[in-house]
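Read through the structure below, which is laid out as structure tokens, and then see the notes.
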Amino acid sequence: MADVVRLKNHLETLGLDTILGIFEEETKKALETKISYTEYLARLMAEEIITKTDRSINYKIRIARFSQIKTIEEFDFRFQPQLDERLIKELCELVFLEKAKNVLFVGPPGVGKTHLAIGIGIKACEKRKKVLFADAGKMIEELMLSMIEKTLPQKIERLARYDLLVIDELGYMCVGKEGANLLFQLISRCYEKVSIVLTSNRSFSQWGDMFGDNVIASAILDRLLHHSFVVQINGKSYRIKDKLTEKDG
Ligand code: ADP
Ligand code: MG
């Protein structure tokens, strides 16, 4: 009995909470099934690793601040037949991230750009990468605030410490020259160092109008596109798919 108390204290000290919760039951089972000491220990350790891994992935997903949780597995590729499923699956392998390349999802509303961007972001969290999701408009607002507070360099350095920045919905809000300039500074800093997954409902030819400045638009595009995968989605909106079916039917 004293041994059990001592063991419990040790497990608690080491933070091996899963083993602490299951070892008594597992000891009983081990005695009944006569498994070896080694196997018994290996079993307990495996359980601890599983919970610890889950916890650290959940933590990564939480701090990434995704607007919603959407996985690639939930994505219905049959609904978007023109989309290259193989390319998306390849992107999920995250080789692009190791090479600090970018991924740009471009297309009209509702085709799944944000869903896919988040799905890839979650895959990166599962590989213990440091990910941050941000709405483009909010990201630019935050950069502006930092500029006003004279902390812009620090803010950009902080963002450059991530492995992956997911910048969502560029184009919904009017960006303006100043916003474009700030975005340019961030994107230049990340160039060939930090991967960016970006979604936009505006085609590249419209970026000049979106930023109110053709020069800055091409400077941003130049850096974003140099090492990148561009996924153009032209299909139907998933948001109104039921309405389309009703009409078709
Ligand atoms: P976008 O960013 O292109 O406007 P979203 O990714 O926000 O579109 O998609 C709109 C909604 O439809 C989301 O709830 C998303 O999960 C869902 N959705 C879009 N395309 C698909 C798809 N092919 N399979 C499953 N859900 C989808
Ligand atoms: Mg979107």
Side-chain angles (χ1 to χ4, degrees), residues 63-67 87-88 91 94-107 113-125 129-233:
I63 61 167
R65 294 197 258 154
F66 294 111
S67 58
L87 172 63
I88 303 297
L91 294 172
L94 305 174
V95 180
F96 82 91
L97 203 148
E98 302 302 338
K99 297 186 176 164
K101 292 186 179 185
N102 303 321
V103 181
L104 286 87
F105 289 104
V106 185
K113 302 182 298 294
T114 301
H115 186 138
L116 293 168
I118 293 176
I120 292 173
I122 288 179
K123 291 281 177 215
C125 291
K129 299 293 179 189
K130 210 173 154 210
V131 181
L132 182 71
F133 175 96
D135 172 84
K138 276 202 201 117
M139 169 78 92
I140 292 168
E141 258 173 38
E142 278 182 27
L143 291 170
M144 274 188 186
L145 201 69
S146 305
M147 190 185 62
I148 294 164
E149 290 171 347
K150 303 207 179 341
T151 55
L152 184 64
Q154 294 92 314
K155 169 84 180 167
I156 288 181
E157 282 316 305
R158 259 203 318 280
L159 291 170
R161 267 188 241 134
Y162 285 91
D163 298 303
L164 172 65
L165 296 177
V166 182
I167 304 179
D168 192 36
E169 312 277 23
L170 185 66
Y172 278 100
M173 252 186 55
C174 181
V175 180
K177 266 190 203 175
E178 201 172 31
N181 193 337
L182 292 167
L183 196 63
F184 171 73
Q185 291 187 50
L186 174 65
I187 286 167
S188 300
R189 177 64 184 82
C190 293
Y191 178 62
E192 296 186 333
K193 294 202 176 64
V194 180
S195 284
I196 294 175
V197 171
L198 185 134
T199 81
S200 179
N201 61 340
R202 304 280 196 107
S203 63
F204 299 139
S205 60
Q206 296 173 312
W207 282 32
D209 287 343
M210 170 168 77
F211 292 134
D213 186 323
N214 282 326
V215 176
I216 198 116
S218 38
I220 290 176
L221 277 169
D222 194 58
R223 278 153 190 80
L224 271 180
L225 294 176
H226 186 199
H227 310 290
S228 68
F229 295 90
V230 176
V231 185
Q232 174 81 44
I233 315 177

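Being a predicted model, the structure only gives us computed values, none of them experimental. The residues of the chain are indexed from 1 along the displayed sequence.
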Could you check whether Glu98 pairs with Lys129 (Lys NZ or Arg NE/NH1/NH2 to Asp/Glu carboxylate O, under 4.0 Å)? yes
What's the verdict on side-chain contact (heavy atoms from CB on, under 4.5 Å) for Ser200 and Leu104, showing C-alpha distance, side-chain angles and the deciding distance? CA-CA 8 Å; Ser200 179; Leu104 286 87; over 6 Å; no
Is there a side-chain contact between Leu132 and Ile63, using heavy atoms and a 4.5 Å cut-off? no
Point-to-point distance, once rounded to the nearest 0.5 Å, from CG of Leu182 to CG of Leu152: 6.0 Å
Spell out, as yes or no, whether a donor-acceptor pair under 3.5 Å connects the side chain of Gln206 to the backbone of Ser203. yes
Any side-chain to backbone donor/acceptor pair from Thr199 onto Glu169? Under 3.5 Å, distance only. yes
May I ask you to decide if Leu164's main-chain N or O and Ser195's side chain share a donor-acceptor pair within less than 3.5 Å? no
So, do Met147 and Lys155 sit near enough that their side-chain heavy atoms are less than 4.5 Å apart? no
Atom of Val175, atom of Ala180 and distance for their closest heavy-atom approach: CG1-N, 3.6 Å
Within-4.5 Å side-chain heavy-atom neighbours: Val194 and Leu159: no
To the nearest 0.5 Å, tell me how far Leu183 CG sits from Leu143 CG. 7.5 Å
Could you tell me the separation between the CG atom of Asn201 and the CD1 atom of Ile233, rounded to the nearest 0.5 Å? 12.0 Å
Does a side-chain heavy-atom distance below 4.5 Å link Leu186 with Met139? yes
Stepwise side-chain contact (heavy atoms from CB on, under 4.5 Å) check, Ile120 with Phe105: CA-CA 12 Å; Ile120 292 173; Phe105 289 104; 3.8 Å; yes
Under the 3.5 angstrom rule, does the side chain of Asn102 hit a backbone N or O of Ser228 as a donor-acceptor pair? no
Closest contact, heavy atoms only, Val166 versus Ala117: CG1-CB, 3.9 Å
Residues in side chain to side chain donor-acceptor pair (under 3.5 Å) with Glu178, at least two apart? none
Report yes or no: does Lys113 contribute a side-chain atom to a donor-acceptor pair with the main-chain N or O of Gly107 at less than 3.5 Å? yes
Can you check whether Leu224 reaches Phe204 side chain to side chain, under 4.5 Å on heavy atoms? no
Working note: Lys123 + Leu91, criterion side-chain contact (heavy atoms from CB on, under 4.5 Å); need CA distance, chi angles, decisive distance, verdict. CA-CA 10 Å; Lys123 291 281 177 215; Leu91 294 172; over 6 Å; no
Would you name the heavy atoms of Gly208 and Asn214 that are closest together and state the gap between them? CA-OD1, 3.2 Å
Could you check if a side-chain atom of Asn181 sits within less than 4.5 angstrom of a side-chain atom of Gln185, using non-hydrogen atoms only? yes
For the CD atom of Glu192 and the NZ atom of Lys99, what is their distance to the nearest 0.5 Å? 13.0 Å
Just say parallel, tilted or perpendicular for the rings of Tyr191 and His226, cut-offs at 30° and 60°. parallel
Here the pair of heavy atoms bringing Leu97 nearest to Ala124 is CD1-CB, 3.9 Å
Go through Phe96 and Val197 one step at a time and tell me if the side-chain contact (heavy atoms from CB on, under 4.5 Å) criterion holds. CA-CA 10 Å; Phe96 82 91; Val197 171; 4.1 Å; yes
Minimum heavy-atom separation for Phe229 to Lys101, with atom names? CE1-CD, 3.9 Å
What's the spacing between Ile88 CD1 and Leu116 CG if we round to 0.5 Å? 5.0 Å
Separation between OH (Tyr172) and CG (Asp135), nearest 0.5 Å, reads 11.0 Å
